[in-house]
There are 2 protein chains.
Amino acid sequence: MKARIDQIKNELHTQSYKLTPQREATVEVLLENEEDHLSAEDVYLLVKEKAPEIGLATVYRTLELLNELEIVDKINFGDGVSRYDLRKEGANHSHHHLVCIQCGSVSEIEEDLLGDVERKVEEEWIFKIKDHRLTFHGICSRCQTEQGTEAETPSLKAAR
Amino acid sequence: MKARIDQIKNELHTQSYKLTPQREATVEVLLENEEDHLSAEDVYLLVKEKAPEIGLATVYRTLELLNELEIVDKINFGDGVSRYDLRKEGANHSHHHLVCIQCGSVSEIEEDLLGDVERKVEEEWIFKIKDHRLTFHGICSRCQTEQGTEAETPSLKAAR
DNA sequence: GTATCTGCAAAGAGTTTGCAGATGG
DNA sequence: CCATCTGCAAACTCTTTGCAGATAC
């Protein structure tokens with residue numbers, strides 16, 4: 001994790017972006033919550049704990065920047081907010097997501113499931129694939145056993 | 001198409017929703033533009049040609065209703081707008097999309113490519129899949145040949 | 001030193017909602 | 001008839017932007 005943060009700092013340097021404390025704190029928050037698909041607001045609140053003077057606009061600007069540098073993926077689960085998901089080191093494809101329509105939890109699948117599918121699409125539709133988004137909506141294992149559990153992740157409003 | 005519209009009307013009836021001229025016009029527009037991934041605004045402008053008195057709010061309400069009845073899918077390609085995509089007759093899974101990052105065009109893949117993948121996910125992650133969203137981002141066949149074509153679909157702002 | 005970055009507040013875009021009047025069944 | 005639906009405008013939410021002062025390099 002130490003290594004990863006230095007790597008990101010380095011990436012900023014190389015592209016001659018300044019490494020401000022705000023950007024540093026934002027990256028730290030993203031690393032500390034890698035599993036969590038945070039919205040800009042979520043990130044803002046967490047960064048505020050480290051750097052109380054930060055403004056929401058700066059968080060948006062930083063996330064935007066990190067998205068352009070392909071350090072995070074901006075994703076969207078159909079509720080009204082963008083979420084920001086750290087790319088795995090060296091990954092050039094976004095990973096997949098399982099969104100539970102009962103409790104709202106989101107989990108990740110690292111494994112690349114689309115190798116065969118992509119080969120087929122590139123060939124049959126003559127489409128040069130650069131990235132993909134794959135999300136499954138359904139019932140997570142916990143909700144399948146624990147009947148009738150209510151929303152656990154209030155920040156994820158039900159996809160309308 | 002005549003059949004499909006009656007089927008949708010029937011669906012509304014069955015659920016005891018009223019069949020107003022506004023709803024009828026909206027459904028017609030969706031059917032006439034099945035290929036087009038219209039935004040609410042797009043739908044509004046098209047419906048206005050048939051029924052000039054309609055309000056944008058009604059379009060939103062109708063699209064929302066059709067989404068709940070699973071007649072349309074509300075989808076999101078990462079630009080700021082929701083798009084509404086008519087489900088194919090009898091389809092219980094959303095189809096797939098190819099979004100060109102050069103010209104912004106969106107095309108569809110009807111074929112279900114995810115059979116094997118879904119079986120694997122359900123088994124290994126113990127996740128009961130109800131629906132999926134699969135979008136590929138890349139270069140469409142036309143842009144691969146015609147070098148440097150500019151945005152053709154101005155309504156699809158580049159995903160930020 | 002100075003181009004870049006920041007916080008703030010205001011603006012913008014998309015979507016939702018409250019309400020009073022209209023209307024489909 | 002009357003519950004549901006509509007148009008309008010205002011409200012709301014998320015995100016972006018303009019600006020003047022601050023700061024990394």
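When reading the values below, keep in mind they use all heavy atoms of this one structure, side chains included, and skip hydrogens, waters and symmetry mates. In the text below, chain A, chain B and the rest are named by the order of the sequence lines, each starting its count at 1. All figures in this text were calculated on a predicted structure; none of them were measured in a lab.
What separates CD of A:E41 from C1' of D:dT15 is a distance of 11 Å, to the nearest Å. Taking atom CG on B:L56 and atom C1' on D:dC8, their separation rounds to 11 Å, with Å as the unit. Between the CD1 atom of A:I54 and the P atom of D:dA22 there is a distance of 18 Å, rounded to whole Å. Rounded to whole Å, the distance from CD on B:E68 to C1' on C:dT16 is 14 Å. Taking atom CG on B:N76 and atom C1' on D:dT15, their separation rounds to 14 Å, with Å as the unit. Following rounding to the nearest Å, B:L65 (CG) and C:dT16 (C1') show an atom-to-atom distance of 15 Å. Rounding to whole angstrom units, CG of residue A:L12 and C1' of C:dT4 are separated by 13 Å. Rounded to whole Å, the distance from CD on A:Q15 to C1' on C:dA3 is 17 Å.
With rounding to the nearest 0.5 angstrom, the CG atom of A:L30 is 6.5 Å from the CG atom of A:L66. The CD1 atom of A:I75 sits 11.5 Å away from the CG atom of B:N76 when rounded to the nearest 0.5 Å.
Contact check on B:E53 versus B:K48 returns no salt bridge, with no Lys/Arg side-chain nitrogen under 4.0 Å from an Asp/Glu carboxylate oxygen.
Considering only side-chain N and O atoms, A:Y60 lies nowhere under 4.0 angstrom from the phosphate OP1 or OP2 of D:dT16. Residue A:S82 places no side-chain N or O under 4.0 Å from the OP1 or OP2 atom of D:dC14.
Residue order along DNA chain D, read from the 5' end via each residue's closest nucleotide, puts B:R61 first among A:A57 and B:R61. Residue-to-nucleotide proximity on DNA chain C shows that, of B:A40 and A:Q22, the 5′-proximal contact is made by A:Q22. For B:H13 and A:P21, each mapped to the nucleotide of DNA chain C holding its nearest heavy atom, the one lying further toward the 5' end belongs to A:P21.
Of the candidates C:dG25, C:dG14, D:dT16, the closest approach to any side-chain atom of B:K18 belongs to C:dG25. When distances run from any side-chain atom of A:T20 to the nucleotides C:dT23, D:dT6, C:dC5, the shortest one goes to C:dC5. When distances run from any side-chain atom of B:K74 to the nucleotides D:dT4, C:dT16, C:dG7, the shortest one goes to C:dT16.
If you check every strand for non-hydrogen atoms under 4.0 Å, B:E53 touches sugar and phosphate atoms only. Residue contacts for A:S16: at a heavy-atom cut-off of 4.0 Å it reaches no nucleic acid atom on any strand shown.
Using a 3.5 Å distance cut-off with no hydrogens or angles, the side chains of B:D73 and B:H95 do not pair a donor with an acceptor.
Hydrophobic clustering places A:Y17 together with A:V27 (ILVMFWY residues linked when any side-chain heavy atoms are closer than 4.5 Å, directly or through intermediates).
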